[in-house]
> 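Quick one: the structure is below, questions incoming.
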Amino acid sequence: MSHYDTKRWWPHESRFEIVVGAILVQRTRWENVEKVIEAMRSRGVLTPSAISTLDVLELERMVRPTGFFRQKSRRIQRLAHHIHLYHKGDVTCFLKRPYQELASDLERMDGIGPETRDAILLYAAGHPVMIADTYAIRLCDRLGLLDPVTPHAIKNHLMQHLPTTPQTCRRAHAAIVEHCKKRCCAVPRCSGCPLLDMCEHGATK
DNA sequence: CTCCGGGTAG
DNA sequence: CTACCCGGAG
């Protein structure tokens, strides 16, 4: 798990790219996100100001491979417009504010729920936050770690048991995603799983 | 063909 | 709970 690093986990060339990617990746495979990001890059629109003035139909065409293209394109454009309007189009300016201020700012945005908010807080803004995504929820559920498996409970649980630096949060998140992709997927591959002896789901199979 | 993926809003 | 939506795997 120590060979994970942010660049590898969330490849990017700018902070804005992380923010856009966080919305694009919702219910979507990362490979499709990369295609869209690459299309945007070659079109030269990977800045808040460029996105906010872009024809929404053109944005839709680029976003299409990640699904939910009408929603996502508009949500990205609104976010870009917000940064363009209130932060001079400077993403760093938008991100480099006190945790609470940024968090509640993100929560007001259309298309940014708890998970996307936390992903942006961790990967783009560098705040130490654990991300309770589908993977973490499924894993905790099967392990039988928490009685009510809620995102909030998972977040607290993880942050209680790990030193909460941005680095450890990223590595923990990466490790959970990797494990769930390889083993604890929708149709789990329990045989040979390193967590089998501590897993309720595996024990009953 | 069906199912699934680093969710969110109503 | 459903709608939003595409691309890939099986």
Side-chain angles (χ1 to χ4, degrees), chain A residues 1 4-12 15-40 56-80 82 103-143 149-155 157-159 162 166-190 201:
Chain A
M1 114 143 93
Y4 296 134
D5 65 293
T6 311
K7 281 278 185 184
R8 185 189 168 85
W9 247 107
W10 200 306
H12 62 278
R15 286 166 177 259
F16 186 58
E17 210 175 296
I18 299 178
V19 175
V20 172
I23 291 178
L24 289 175
V25 79
Q26 293 167 2
R27 291 298 302 178
T28 309
R29 289 179 173 78
W30 183 256
E31 304 84 72
N32 297 325
V33 176
E34 286 191 314
K35 290 178 200 161
V36 174
I37 293 280
E38 191 44 53
M40 292 170 104
V56 74
L57 292 179
E58 190 175 350
L59 189 55
E60 277 187 11
R61 258 195 294 109
M62 288 189 279
V63 168
R64 182 170 259 112
T66 64
F68 308 104
F69 64 95
R70 271 179 279 259
Q71 282 186 12
K72 286 179 180 175
S73 57
R74 276 160 184 76
R75 288 168 175 177
I76 288 169
Q77 191 161 51
R78 283 189 197 172
L79 178 55
H82 179 93
S104 52
D105 215 6
L106 288 168
E107 283 161 14
R108 294 176 214 282
M109 304 279 190
D110 179 37
I112 296 183
E115 186 181 328
T116 307
R117 172 202 63 201
D118 289 347
I120 292 172
L121 284 171
L122 176 59
Y123 286 99
H127 286 112
V129 183
M130 296 304 303
I131 299 174
D133 53 20
T134 304
Y135 290 146
I137 293 169
R138 187 166 63 209
L139 183 60
C140 286
D141 196 15
R142 287 183 180 155
L143 286 174
V149 183
T150 64
H152 187 258
I154 291 171
K155 216 170 141 180
H157 177 79
L158 290 172
M159 296 185 76
L162 292 168
Q167 292 80 6
T168 54
C169 290
R170 286 167 179 163
R171 291 209 287 143
H173 178 234
I176 290 169
V177 175
E178 280 292 274
H179 175 74
C180 289
K181 277 186 160 176
K182 188 167 41 170
R183 294 269 174 206
C184 210
C185 26
V187 183
R189 303 189 43 132
C190 294
H201 179 80

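So that the names make sense, note that chain A is the first sequence line, chain B the second, and so on, each numbered from 1. This structure is a prediction, so every number in the text was calculated from the model and none was measured.
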> Within a radius of less than 6.0 Å around CZ of A:Arg138, do more than 12 heavy atoms belonging to other residues, nucleotides or ligands occur?
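Counting neighbours around CZ of A:Arg138, more than 12 heavy atoms of other residues, nucleotides or ligands fall under 6.0 Å, so yes.
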> Between C1' on B:dG5 and NZ on A:Lys35, what's the gap in Å once rounded to a whole number?
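Distance, rounded to whole Å: 13 Å.
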> Could you state the CH2-P distance from A:Trp30 to B:dG7, rounded to the nearest angstrom?
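Taking CH2 of A:Trp30 and P of B:dG7, I get 12 Å after rounding.
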> What is the separation between atom CD1 on A:Ile120 and atom C1' on B:dT8, rounded to the nearest whole Å?
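Atom-to-atom, A:Ile120 to B:dT8, this comes out as 13 Å.
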> Given the side-chain rings of A:His173 and A:Tyr123, with only the six-membered ring counted for Trp, is the space between their centroids under 6.0 Å?
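Yes, they do, as the ring centres are separated by less than 6.0 Å.
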> Hydrogens and angles aside, do A:Gln167 and A:Arg171 bring a side-chain donor and acceptor to less than 3.5 Å of each other?
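Short answer, no.
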> What nucleotide among B:dC4, B:dT8, B:dG7 has an atom nearest to a side-chain atom of A:Pro114?
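The answer is B:dT8.
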> Rounded to whole Å, how long is the line connecting atom CD1 of A:Ile131 with atom C1' of B:dG7?
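Atom CD1 in A:Ile131 sits about 13 Å away from atom C1' in B:dG7.
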> Would you indicate what A:Gly67 reaches in the nucleic acid, counting non-hydrogen atoms under 4.0 angstrom: base, sugar-phosphate, or nothing?
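Since a base atom lies under 4.0 Å of A:Gly67, the category is base.
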> What's the separation between atom CZ in A:Arg117 and atom CG in A:Leu106, rounded to the nearest 0.5 Å?
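Spacing of CZ (A:Arg117) from CG (A:Leu106) equals 8.5 Å.
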> Could you check how far CD of A:Glu107 sits from P of B:dA9, rounded to whole Å?
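After rounding, the reported distance stands at 10 Å.
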> Which whole-number value in Å describes the distance from A:Arg138 CZ to B:dC3 C1'?
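Between C1' of B:dC3 and CZ of A:Arg138: 13 Å.
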> Which part of the nucleic acid does A:Glu115 contact within heavy-atom distance under 4.0 Å: base, sugar-phosphate only, or nothing?
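Since only primed, P, OP1 and OP2 atoms lie under 4.0 Å of A:Glu115, the category is sugar-phosphate.
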> If you walk 5' to 3' along DNA chain C, what is the first nucleotide with an atom under 4.0 Å of a heavy atom in chain A, and what is the last?
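Contact span on the strand: C:dC4 to C:dG8.
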> Short question: side chain of A:Arg15, backbone of A:Ala124 - any donor-acceptor pair under 3.5 Å?
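Yes: the side chain of A:Arg15 pairs with the backbone of A:Ala124.
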> With nearest nucleotide decided by heavy atoms, which residue, A:Gln26 or A:Ala186, maps closer to the 5′ end of DNA chain B?
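It is A:Ala186, whose closest nucleotide lies nearer the 5' terminus.
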> May I ask you to evaluate whether A:Arg108 reaches the phosphate of B:dA9, defined as a side-chain N or O under 4.0 Å from OP1 or OP2?
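For A:Arg108, the contact criterion (side-chain N or O under 4.0 Å from OP1 or OP2 of B:dA9) is not met.
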> Is there a Watson-Crick or G-U wobble partner for B:dC3 with both distances under 3.5 Å, and if so, which one is it?
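Partner of B:dC3: C:dG8.
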> Starting at atom CZ of A:Phe68, determine the distance to atom P of B:dA9, rounded to an integer number of angstrom.
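Between P of B:dA9 and CZ of A:Phe68: 13 Å.
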> A:Leu106 has an atom CG; how far is it from atom P of B:dT8, in whole Å?
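Interatomic distance, CG of A:Leu106 to P of B:dT8: 11 Å.
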> Checking all strands, does A:Arg27 fall into the base, sugar-phosphate, or nothing category for heavy-atom contacts under 4.0 angstrom?
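Base, at least one base heavy atom under 4.0 Å.
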> Indicate yes or no for a side-chain donor-acceptor contact from A:Lys155 to the backbone of A:Met130 under 3.5 Å, with no hydrogens or angles considered.
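Flag not set: sc A:Lys155 to bb A:Met130 has no pair under 3.5 Å.
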> With no hydrogens and no angle check, just 3.5 Å: does a side-chain donor-acceptor pair link A:Thr66 and A:Lys35?
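Note: A:Thr66 and A:Lys35 side chains miss the donor-acceptor criterion.
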> Taking the P atom in each of C:dC5 and B:dG10, what is the distance between them to the nearest angstrom?
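Those two atoms are separated by 14 Å.
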